[in-house]
Student: 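What follows is a single structure, and I will ask about it in a moment.
Below, chain A is the first sequence line, B the second, and so on; all start at residue 1.
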Number of protein chains: 2
Amino acid sequence: MSRLASTINDIANKAGASVTSVSRVLNNKAGKYRISKETAKRILKAAAELDYKPNELARGLRLKKTHTIGLVIPDISNPFFAYVTRNIQRVAHELGYSLVVCDTDENLPLELEHINLLMSKGVDGLVIMPVGQDARHLKRLVKESVPLVLVDRCFDELDTSSVVVDNYAGAFTGIEHLLECGHRRIAIIQGLANTYSNTGRVQGYTDALKKFGIRPDPELIFGGSFREETGYNETKRILSMSERPTAIFATSDLITLGALQAINEMGLDVPNDISVLAFDDTDFAPFLKCPLTVIAQPKESMGEIAVKLLVDQIKGRGKQQTQKIILKPNLVKRNSVKRLVQKEVAVAHA
Amino acid sequence: MSRLASTINDIANKAGASVTSVSRVLNNKAGKYRISKETAKRILKAAAELDYKPNELARGLRLKKTHTIGLVIPDISNPFFAYVTRNIQRVAHELGYSLVVCDTDENLPLELEHINLLMSKGVDGLVIMPVGQDARHLKRLVKESVPLVLVDRCFDELDTSSVVVDNYAGAFTGIEHLLECGHRRIAIIQGLANTYSNTGRVQGYTDALKKFGIRPDPELIFGGSFREETGYNETKRILSMSERPTAIFATSDLITLGALQAINEMGLDVPNDISVLAFDDTDFAPFLKCPLTVIAQPKESMGEIAVKLLVDQIKGRGKQQTQKIILKPNLVKRNSVKRLVQKEVAVAHA
DNA sequence: ATATTTTGCGCAAAGGTTTGCGCAGGGCAC
DNA sequence: GTGCCCTGCGCAAACCTTTGCGCAAAATAT
């Protein structure tokens, strides 16, 4: 905001009109308020000459609308979130909204801080990918009827619009595939406990095992954060188990990255020494030493849907009821899962 | 902004004081304006009870400071930019600033639009990774002394703080390595023409060739955007040349991704059929079928330095002069460059 | 000619905050 | 009893915009 920026007042002076009329002309209310063509033209001309740009701060204050939406995200360094962010920004801009981005680093207090700040700055609505272990602060937003859509992780007890992925189905299908390939000892490296996405993935894992008559072994459940170091450390532990699992289910792309690193360091080979199934896809996945078999999320559409839902809420459309959109993930088979048995045999086991 | 949000006025009422005093107490000016401990305590109590949060819009309007900085970025989907963004957001928040993120999609008019919008919204300063073919709009910002720092790409004719990478040195060293390994026919897939980063990289490429007594062949210069499809299409062209080059220099990670895809589709092998040298590193690079030899940018520090420089400008510190920070990239040798000759022989050639 | 409507425009308030300036009242010295 | 200082606090303007309401003049009707 340069100190020389021209205001509606300058225009009024220059055009010999009142600020009132200027405002009306500039907001296309000339008709409604019967401003003469004559005056309107003078005003428009003056505005152009002064290179007038409305002060959105003052505007927001008056209108209680800032055309800004807040995005609260757990970790932009995670390629999955980065992707979603990109689409959110694009669609938001197309719909006339700016995006202020806050990274919570998977930290609940920080999430609260960011949300408060965003509200203070007068955002028109929020897209939140919550850390997810607590929903009280979100409940408050709902009560104050702040336009809000949850992405990637949601709360069943919370009546909000949300767009999530069917983590359960994704994990289930993936593990099923592993089982069909003859794997029986499958380790899982989970993400942050008690979050929507983690719970679904772990549940899918255990239920798929059960379907094949295998009792899930708590010893095979590792991890506790979606981060790379978790993948690295836990994989090292897994690989040094006396009775080593034949497959690892890595529940995020960052975990996968860490796992790959550990496997590499230990001089092992995917899939011959260990099979890997990953949640989330990466652009580079097909070109890895061993192209990864993954459960891919529809990350393209998630952001887009979320913003549209949010803007509908902001505009008061679709206010009637909240929508929970559940997207289907997609198992893409590449080479990181080794087939230990013929398919027929595996089916017989079931 | 819930419609029930309490204001400084509510506090004044509740505490039986004037808004003036409330403002002063809340802004730690109680001492300066000699407010009694008594009154101050009443005010603080009322504020807490009302769960008061300042309206940053009103604040920004009055103070001409929003504690918000704008980030203008060409393409968040590019992992390099995503990384930098993340660090910018983190450091900005640590310094008390919010970040509004705008993606220009490498599109100059869109860049201008975003910048104008950001200014309208009253950002305190801008971090821009410019599209870079035109600097007139940036020149205007400089003239209006808007706090500004350019990242990744800068303009020699523009007196702004900036943090860039030594693209020339990076490319030069990389190509030198290729040459030392015995490569003589080296194709380059360049990024967006007439941008700072591209120019440096291409220049480094040609100069390194010349140093080895090789006349750069215009036929071997491909590309024209940093995007994935460029990498894909151009690689296909390169690989079907009658006199096929022995190496490809891909000037961005996205180009590299496309190149890998093309190579893969054509059933070729890196580095036996074709060597690849990439600008930018990717987390997954070490784990690729053929671990990539890359020129890695110090993406960790770039964002951090940029924000610190910007905040210094905003706060009026270091106003005295602009700083151009040039970071050194780093050649990391992995396996994607095939050694065609013994080192001694290569040196003899030089 | 007066009465009524229409046309064109602007006053002033509102939105929430910060801050220069000055006001009231108590205490003190003369 | 008059003059002065100090303490504690509030008035009102400023930041820039939008909008309900009303006012004056011109156009039309009677």
Student: To the nearest 0.5 angstrom, please state how far the CG atom of Leu26(A) sits from the OG atom of Ser21(A).
Tutor: 11.0 Å

Student: Has Ser6(A) got a side-chain atom pairing as donor or acceptor with Leu50(A)'s backbone, closer than 3.5 angstrom?
Tutor: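 Yes.
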
Student: For the pair made of CD in Glu38(B) and P in dT7(D), what is the distance, rounded to whole Å?
Tutor: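 Glu38(B) atom CD is separated from dT7(D) atom P by 18 Å.
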
Student: Check the distance between dT19(C)'s P and Lys29(B)'s NZ and give it to me in whole angstrom.
Tutor: 4 Å

Student: Within this structure, what is the CZ-to-P distance between Arg24(B) and dT17(C), rounded to whole angstrom?
Tutor: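 It is 15 Å, rounded to the nearest whole Å.
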
Student: In whole Å, what is the span from the CZ atom of Arg34(B) to the C1' atom of dC21(C)?
Tutor: 12 Å

Student: By nearest heavy atom, map Lys37(A) and Val19(A) onto DNA chain C; which one lands nearer the 5' end?
Tutor: Lys37(A)

Student: Arg42(A) CZ to dG8(C) P: how many Å, rounded?
Tutor: 13 Å

Student: Between Tyr33(A) (OH) and dC23(D) (C1'), how many Å, whole number?
Tutor: 16 Å

Student: If you only use heavy atoms from C-beta on, which nucleotide in dT17(D), dT19(C), dG8(D) is closest to the side chain of Ala58(A)?
Tutor: dT17(D)

Student: Of the listed nucleotides (dC16(D), dC9(C), dT19(D)), which one gets closest to any side-chain atom of Leu61(B)?
Tutor: dC16(D)

Student: Could you check how far CG of Asn55(B) sits from C1' of dA14(C), rounded to whole Å?
Tutor: 13 Å

Student: Would you kindly compare Thr39(A) and Leu63(B) by the position of their nearest DNA chain C nucleotide and give the one closer to the 5′ end?
Tutor: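 Per heavy-atom nearest nucleotide, the more 5' residue is Thr39(A).
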
Student: Using a 6.0 Å cut-off, check whether atom NZ of Lys53(B) has over 12 heavy atoms from anything other than its own residue.
Tutor: yes

Student: Would you state whether a donor and an acceptor, one from the side chain of Thr20(A) and one from the base of dC11(C), lie under 3.5 Å apart?
Tutor: yes

